[in-house]
Amino acid sequence: MTNTRPVPKISVRGLRKSFGRKQVLDGLDIDCGSGESLVVIGGSGTGKSVLVKCILGLLHPEAGSIYIDGAETVGLPHAARERMLQKFGMLFQGSALFDSLNVWENVAFGLVQGRGMERAAARDIALAKLAAVGLGPEVSLLRTSELSGGMQKRVALARAIAAEPEIVFFDEPTTGLDPIMADVINDLIVECVREVGTTAVSITHDMVSARKIADRIAMLYQGRIVWHGPTAEIEHSGNPFVDQFIHGRADGPIKMQVRAA
Amino acid sequence: MLRFLAAVGAAFLTFVTASGRLAVFAGLALATAFTPPFYPGVMLRQMVSIGYFSLPVVGLTAVFTGMVLALQSYTGFSRFSAEGAVATVVVLSVTRELGPVISGLMVAGRVGAAIAAEIGTMRVTDQIDALTTLSTDPLRYLVLPRLLAGVITLPMLVLVADIIGVFGGYLVGVYKLGFNPQAYLNGTWQHLETIDLVSGLVKAAVFGFIVALMGCYQGYHSRGGAQGVGRATTYAVVSASILILLVDYLITAAFFSR
């Protein structure tokens, strides 16, 4: 009998990463299937961003493996890593828009500078992606400093999906937004991800956002995944860490950390 | 005694480690010059920023330096009746030494600080990580164009500073000290050799590299928000200024020591 289980789009095995004496990731294992929307939840400073940065190659883990489409990516040579990065898109927590460029140049940046596309063609794609996130062409020539927080998130989302990447990472996509704008961003993420069939990995501690955008939720605590399962099951996980976290209780097994990872 | 030796050893190791990191950073950035993609537009913008926008500050510094030099050398040389050497002293001092060093220090203050602040802010706001996720090598896109712009632009800037500095000396020599204009110009050209100009321009290119490198390195490795960016900016200016003075001596020794 042959094994017909599909290869996960992302597979992380035994990932370890520390900063000084602080062990942030401690033998973490997680999988994310192709076209799946996985949300990693966990308190501040538990290493959610570190996990994503390790997958993206922005941080180098001390041990463990990260497989993308079944291929090991830890220790990839520079050129191979640059090729692999073309599979990824990323929405940063603070949007990380380039303030020296206007809105459409930000959205088109990866197409022009990273993939060598002509500016005119890249501008057309940028305007289409801005329209997809609800921003008209009148916004395209504004500087990023002229935008509100919600508009900056939309522009960052347009930039993350401009090159139609296979995998998109969302780092705290709703942090700092009012509830209505947060819901707009959640809807846009769901639309953008489902429309293109992209694999999405989001990290958040906003449970409203997690329930809305996730197919599957995993909870990170003390460097390991302590629970994972379908979104519908999180209310009945039977896991004390998850219960404390999703109900926002101060009492429970989770002890808050003072320092960020 | 043992504690003292341990402290000296630790300081030495820190120095060697920092130097090694800086050398690796510079090497990795320069290595990107040999493979595409190239960003000539970014480099041209940096050349305008480093060169064109530094012209007023460098020009002003150069003209006053030339003026003061003429005045000081006149009052000094008149004690042993060697006033005739003023024009020669001004042109040699400006082209060999003061033009490149003062321009380098002014550019370190204006441009080195700006580079460190810009790249540092990009670092702490995740813009450098964003570059990487958009398939753009930050060393290739941010650092190399600034290094090349520094190396190419500073010699041009120093050439302008040399001319303005000598002109400042001429103004004081002719209109304040009463030199004959033709005699002053003769004194300026008579002892000026190609090596004087070339050594100054070589210094300028090296200083341009140092200013851009220290700005990029400190900014690239800044941590800890606004305070970290401020610290990076200070380190960039201080380290570039010290390195300029150190390297100035080494290049002078290489060109002129016998």
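Order of the sequence lines sets the chain letters (A, B, ...), proteins ahead of strands, with each chain counted from 1.
Surrounding CD of B:Gln227 are at most 12 heavy atoms belonging to other residues, nucleotides or ligands under 6.0 Å away. Environment of OH in B:Tyr39: crowded, with over 12 heavy atoms of neighbouring residues, nucleotides or ligands closer than 6.0 Å. Shown here is A:Glu118, whose CD atom has no more than 12 heavy atoms of other residues, nucleotides or ligands within 6.0 Å. The number of heavy atoms from other shown groups lying within 6.0 Å of CZ (B:Phe167) does not exceed 12. Counting non-hydrogen atoms of other residues, nucleotides and ligands closer than 6.0 Å to CZ of B:Phe64 gives a total of 12 or fewer. Other residues, nucleotides and ligands place more than 12 heavy atoms under 6.0 Å from the CZ atom of A:Arg115.
Of the two parts of A:Phe88, only the backbone, made up of N, CA, C and O, holds a non-hydrogen atom closer than 4.5 Å to a non-hydrogen atom of chain B. Proximity to chain A (any heavy atom under 4.5 Å) is shown, for B:Ile128, by neither the backbone nor the side chain. For a residue to count as touching a neighbouring chain, one of its non-hydrogen atoms must lie under 4.5 Å from one of that chain's; by this rule A:Leu97 touches chain B with the backbone only. Contact of B:Thr125 with chain A is made through the backbone alone, with heavy-atom distances under 4.5 Å.
A:Phe109 and B:Tyr141 have their aromatic ring centers within a separation under 6.0 angstrom.
The distance from the NE2 atom of A:His78 to the CG atom of B:Leu28 is 8.5 Å, given to the nearest 0.5 Å. Considering OG1 of B:Thr132 and CG of A:Leu56, their distance stands at 9.0 Å, rounded to 0.5 Å. Between atom CZ of residue A:Phe92 and atom CD of residue B:Gln127 there is a gap of 10.0 Å, rounded to the nearest 0.5 Å.
The only member of A:Lys87, A:Arg81, A:Gln86, A:Gln113 that meets side chain to side chain contact (heavy atoms under 4.5 Å, CB included) when paired with B:Ser135 is A:Gln86.
Taking each heavy atom of A:Ala96 and B:Ala130 in turn, the nearest pair found is O-CB, 3.9 Å.
In terms of heavy-atom pairs under 4.5 angstrom with chain A, the leader among B:Asp126, B:Asp129, B:Thr133 is B:Asp129.
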